[in-house]
Amino acid sequence: MQKIAVVGLGIIGSAWAKNLVADGLSVRAWNRSRKDVPYYEADLGRAVADAEMIIIVVADPPAVEAVLKEMVPHLKPGQLVAQSSTISAFWTKRFASEVEATGATFLEAPFTGSKPAAEARKTVYYLGGELSAVEKARPVLSGLSAHILHIGPIGTASSLKLAMNLNLALMAESLSESLTLTRVEGIPDEIYFEALHLNVGRSGLSDLKEPKFRARDYAPQFSLKHMNKDLRLALETAGTLDLPLAGRLKSFYNKGMGLGFGDDDFIGQIRLLAEEKKSEK
Ligand code: NAP
């Protein structure tokens, strides 16, 4: 596959499109708001019409719904649509039917790895769908990723992705609360992280976020508003299954969203702990 359309040039879509261009593939990329890149195509229908593979990576279910509404009349048999935005199994199944009604193939393709991983081609894909669709997509997705896991039928990859993000959100909260406790006790961050490196509580997440916590740098690698959306979708997926910590964490994210932290990295939630401390005084 040589002709690729990227739908969505946010943090991740921009990194992927750049890497696909660097690999010599013919890329056309669409974004809702104009982007100043040579492969930008303002008309979504034109961006996807001749593509062999279309990668969708936009914000949330309403965003996927909006782009599909414009794309579907241009889709045809032989094309492969890989949907990589994090959404739930419920929405994935619905969008898969819309795409497949055109004769095009749908591949559920959520992923893990934030901005640095996408830039460094270290994304990990979780794929849902037929093995034939996975194999068709593999040459292109391999160029963007370090690992490709075929999870199962359509819907399973989204549920796994939401479960992974639920774990990350809880881990980030636990790290934030632990770090805040030592800050309040006057222990320097340098000592905190030196101790964490020698503790089994050290994790991939703590290594990734340590420089950002220490610099109080909340520029987004993965935004708080998207983690908030993923917690909502995880709770919707859980339905009547009681996930007590997830429910509490979602309320805490509501507060972060209310304070205008949505566009910051999700570790920006730590400021809420500081806020709560201040308001106690
Ligand atoms: P982002 O930087 O916030 O970009 C969001 C993209 O969605 C932008 O291109 C935005 O267009 C577009 N969009 C939003 N609403 C839209 C609508 N109604 N119609 C059409 N386009 C719309 O997000 P991102 O970090 O690249 O993440 C994209 C997806 O990947 C999300 O589902 C996220 O949860 C998932 N994800 C992200 C990461 C990460 O670390 N960043 C990791 C794993 C999964 P405009 O530019 O016009 O606003």
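In this chain, numbering begins with 1 at the start of the sequence shown. Every number for a ligand or one of its atoms is a count from 1 in the order of the listing. Since the model is a prediction, treat every value here as computed from it, not as a measurement.
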Could you walk me through whether Gln221 and Lys209 pass the side chain to side chain contact (heavy atoms under 4.5 Å, CB included) check? CA-CA 10 Å; Gln221 293 174 326; Lys209 298 300 185 184; 2.7 Å; yes
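- Here atom 24 (P) of ligand 1 lies nearest to Ile11 when heavy atoms of Leu168, Val67, Ile11 are compared.
- No side-chain donor-acceptor contact under 3.5 Å links Asn165 to the backbone of Thr112.
- Taking every non-hydrogen atom of Lys229 and a distance limit under 4.0 Å, the qualifying atoms of ligand 1 come out as 31 (C), 32 (O), 33 (C), 34 (O).
- Considering only non-hydrogen atoms, atom 29 (C) of ligand 1 lies nearest to Val58 out of Val58, Thr112, Asp265.
- Of the protein's non-hydrogen atoms, the one nearest atom 17 (C) of ligand 1 is Arg32 NH1, 3.4 Å.
- There is a path of hydrophobic side-chain contacts, each under 4.5 Å, that joins Ile154 to Phe90.
- Contact atoms of ligand 1 toward Ser33: 45 (P), 46 (O), 47 (O) (distance under 4.0 Å to a heavy atom of the residue).
- The shortest heavy-atom distance from Met227 to ligand 1 is not under 4.0 Å.
- Contact annotation: Pro220 has no heavy atom less than 4.0 Å from any atom of ligand 1.
- Screening Val81, Val48, Asn31 against Val7 for a side-chain contact (heavy atoms from CB on, under 4.5 Å) leaves a single residue, Val48.
- Interface of Ser85 with ligand 1, defined as ligand atoms under 4.0 Å from a residue heavy atom, comprises 32 (O).
- Cation-pi contact between Arg271 and Tyr218: present, with separation from the ring centre below 6.0 Å and deviation from the ring axis of at most 45°.
- Heavy-atom contacts from other residues, nucleotides or ligands closer than 6.0 Å to CD of Glu130 number 12 or fewer.
- The single protein non-hydrogen atom nearest to atom 1 (P) of ligand 1 is His226 NE2, 3.7 Å, given as residue, atom name and distance.
- In this structure, the protein non-hydrogen atom closest to atom 4 (O) of ligand 1 is Gly10 CA, 3.4 Å.
- Atoms of ligand 1 lying under 4.0 Å from any heavy atom of Lys161, numbered from 1 in the order shown and given with element: 43 (C).
- If you number the atoms of ligand 1 from 1 as listed, the ones under 4.0 Å from a heavy atom of Leu9 come out as 9 (O).
- Aromatic pair Phe111/Trp16: centroids less than 6.0 angstrom apart.
- Taking a cutoff of 4.0 Å between a charged side-chain nitrogen and a carboxylate oxygen, Arg232 and Glu236 qualify as a salt bridge.
- Residue, atom and distance of the protein heavy atom nearest to atom 38 (C) of ligand 1 are Phe222 CD1, 3.4 Å.
- In the displayed structure, Glu194 atom CD is contacted under 6.0 Å by at most 12 heavy atoms of other residues, nucleotides or ligands.
- Closest protein heavy atom to atom 44 (C) of ligand 1: Phe111 CZ, 3.2 Å.
- Regarding atom 11 (O) of ligand 1, its nearest protein heavy-atom neighbour is Asn31 OD1, 3.7 Å.
- A 6.0 Å sphere centred on NZ of Lys35 holds more than 12 heavy atoms belonging to other residues, nucleotides or ligands.
- At the top of the distance list for atom 41 (N) of ligand 1, counting protein heavy atoms only, stands Gln221 O, 3.1 Å.
- Scanning the protein heavy atoms around atom 26 (O) of ligand 1, the nearest turns out to be Ile12 N, 2.9 Å.
- Distance alone, capped at 3.5 Å, is enough to place a donor-acceptor pair between the Gln83 side chain and the Ser85 backbone.
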